[in-house]
Amino acid sequence: MTAVWTYTGLILFPILILLGILMRANQGGVITVPADRFFSFLTLHGLGMAGTWFVIGMASNDYLLNKYTRSPLVGNIVAYILTVIGVVLLIIATFIGKFAAGWYFLYPLPFYRTWEEWATPLFLVSIAVLGVGWLVWTVSMLIGILRKYPLSQALAWHYLRGKKEPEVPPFIVVLTATLIGIFICLLAGVTLLTLYFGEHLGWMKNDALLMKNLTFIFGHTLVNEMLYLAVAVLYELYPEFGRRAKWKTAWYVALSWNATFLIVMFAYFHHLYMDFVQPTGFQFIGQIASFLAPLPAAVVTIFSVLAYTYRNSMKWNLASLLYFYGVLGWAIGGVAAVLDATIVNNFVLHNTQWVPAHFHTYNLLGQIFFNLAFVVWFAEKVSGTPFSVGLSRSVFALLLFGGWGFVSMFYLSGTFSIPRRFNLYPPDLPLGTTLAKAAVIFALLYLLGIIVFFFGASQRCAKAFSR
Ligand code: HEM
Ligand SMILES: [Cu+2]
């Protein structure tokens, strides 16, 4: 199944990048995409990217989990079938129906149509199908973990009491904390969709503030947890590239991931700074949680990676390089995110391209580097053929140069207050157009890197089926 997921992800990714490039080329005035198309591309691109890398993260964790315990395979298969159905429906709703309410379809936008009437319910059904599939998968992986470790052990609470037995690998601790978080935010998603259906069917009118809170518990938290899924795999695999011993759980690892799991649930309040009706206390909680959320997990992980790498005879290949530089992208994107989540800065940066700048950094150059590192490791393992030096070098150079160039254009735009989510810039913002043109070139390099990567990885993954 891991190979099936990998193929699916590696086919969807370039298509979604292409949508991104088309949007940027339109913003740069290189091509013309009609406005209704542009915003349906934006919706499909954002949701598609989040979904693709979420499932690749789940699939890689499921694969590694089987080293320690068996999680029911049926969860994985049900998730695959529902994901395929959900994606097909989503593509129909956005491509043919031109549904275009943005990737988190903020209430009440789905009801203010500029698109086909059937596209709204179809879109909501597609998200519901995906949500149910992923909920089943999450529960099945949690069952797998709980078969071997009671919950308190899986979360390493005994380490907090100074005990070191029984030994629980950090991978299990991070994964358990992450899966519980995913479970909670998917439940919020289900509630949100139920309320949407209620209003669509004319049974009720919803409260906009409640809907916005639910949207961001779901959206903000899910993309955070998707990053942690990739980090869980890093804990398991990075030490394979050095000579020193594997990582062991220590009290600070236990403490930091338990803390992260709790705090991340409250950080989403930073999406509501502009909502004056939100109780003021929540704004303070949002501010404090946004400062604290990244600290434990990021600091412990970055420190662990650096400490492990320092004076260790590392085996540098495509996978380990992607891990190392992925940590860099994660860290820089994270700092940019915290800058934006600081209330005084948010007055200036809100809805500028600073926002896509920060999340493209830790996704494109962080989380995706981690996931690609897993794919390299997996492809080499099932095929027994390592990626050649030439292939690794060209892929790595293209991704690094193209990726950083692409996000730099977003940062520059954000610094000069170019707004996000504009299909065309007004004549008094010519800088936005120029930077968009440059971004297209960088993004094409990144895309080329991914295509080369795809050929290298798919040949090797094919061996997974012939065994
Ligand atoms: C080279 C690859 C990529 C390109 C060329 C690209 C391009 C773009 C562009 C042009 C936008 C619109 C920015 C604006 O508001 O003006 C955008 C938005 C977005 N992208 Fe990407 N992107 C790429 C990769 C990714 C990845 C890897 C992810 C997530 C894992 C991602 C997630 C999103 C999301 C969530 C949005 C916001 C959608 C919305 O506003 O509703 N993108 N991207
Ligand atoms: Cu957020």
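One-based numbering, in listed order, for ligands and for the atoms of each. Side chains included, hydrogens not; waters and symmetry mates left out as well; all remaining heavy atoms used.
- Between Tyr425 and ligand 1, not a single N/O pair is under 3.5 Å apart.
- Looking only at protein heavy atoms, the nearest one to atom 1 (C) of ligand 1 is Ile17 CG2, 3.6 Å.
- The proximity of Ile368 to ligand 1, defined as any non-hydrogen pair under 4.0 Å, is limited to the side chain.
- Here Tyr196 and His200 keep their ring centres 6.0 angstrom or further from each other.
- In the vicinity of Ala443, heavy-atom distances shorter than 4.0 Å reach the ligand 1 atoms 5 (C).
- In terms of protein heavy atoms, atom 16 (O) of ligand 1 is closest to Gln353 NE2, 2.8 Å.
- Residue Gly46 holds the heavy atom nearest to atom 35 (C) of ligand 1 of all those in Ala25, Ala439, Gly46.
- Stacking of Arg421 on the aromatic ring of Tyr104 is recorded, both the 6.0 Å distance cut-off and the 45° axial limit being met.
- Ring planes of Phe374 and Trp377: tilted class, angle from 30 to 60°.
- Heavy-atom proximity to atom 33 (C) of ligand 1, evaluated over Tyr362, Phe39, Phe359, is greatest for Phe359.
- Without hydrogens or angle criteria, Trp354 side chain to Ala336 main chain gives a donor-acceptor distance under 3.5 Å.
- The atom of His220 nearest to the Cu ion (ligand 2) is ND1, with the search restricted to N, O or S atoms.
- Which of Met409, His45, Gln367 comes nearest to atom 20 (N) of ligand 1 through a heavy atom is settled by distance: it is His45.
- Against a heavy-atom cut-off of under 4.0 Å, Gly102 is close to the following atoms of ligand 1: 41 (O).
- The nearest N/O/S atom of His271 to the Cu ion (ligand 2) is NE2.
- Under a 3.5 Å cut-off, the side chain of His360 and the backbone N or O of Pro356 do form a donor-acceptor pair.
- Atom 38 (C) of ligand 1 has Trp103 CD1, 3.5 Å as its closest protein atom, hydrogens excluded (heavy atom only).
- The heavy atom nearest to atom 12 (C) of ligand 1, out of those in Leu18, Asn371, Ile450, Leu42, is found in Leu42.
- The number of heavy-atom neighbours closer than 6.0 Å to CZ of Phe39, taken from other residues, nucleotides and ligands shown, is above 12.
- Remark: of the listed residues Trp53, Phe54, Trp137, Trp137 is the sole one forming a ring pair (Phe, Tyr, Trp, His ring centres under 6.0 Å) with Trp5.
- Close placement of the Phe99 and Trp115 rings is indicated, their centers lying within 6.0 Å of each other.
- For Phe266, the CZ atom counts as loosely surrounded, since its 6.0 Å shell holds 12 or fewer non-hydrogen atoms of other residues, nucleotides or ligands.
- In this structure, atom 4 (C) of ligand 1 lies nearest to the protein heavy atom Phe406 CZ, 3.4 Å.
- Nearest protein heavy-atom contact of atom 25 (C) of ligand 1 is His360 CD2, 3.3 Å.
- Looking at Lys205 and Glu199, a side-chain N of the basic residue comes within less than 4.0 Å of a carboxylate O on the acidic one, giving a salt bridge.
- Atom CD of Glu236 sits about 10.0 Å away from atom CG of Leu175, to the nearest 0.5 Å.
- At a 4.0 Å cut-off, not a single heavy atom of Tyr104 sits close enough to ligand 1 to count as contact.
- Counting only non-hydrogen atoms, the option in Met226, Arg421, Gln27, Met23 that gets closest to atom 9 (C) of ligand 1 is Met23.
- Of the options Arg24, Arg420, Met49, the smallest heavy-atom separation from atom 31 (C) of ligand 1 is shown by Met49.
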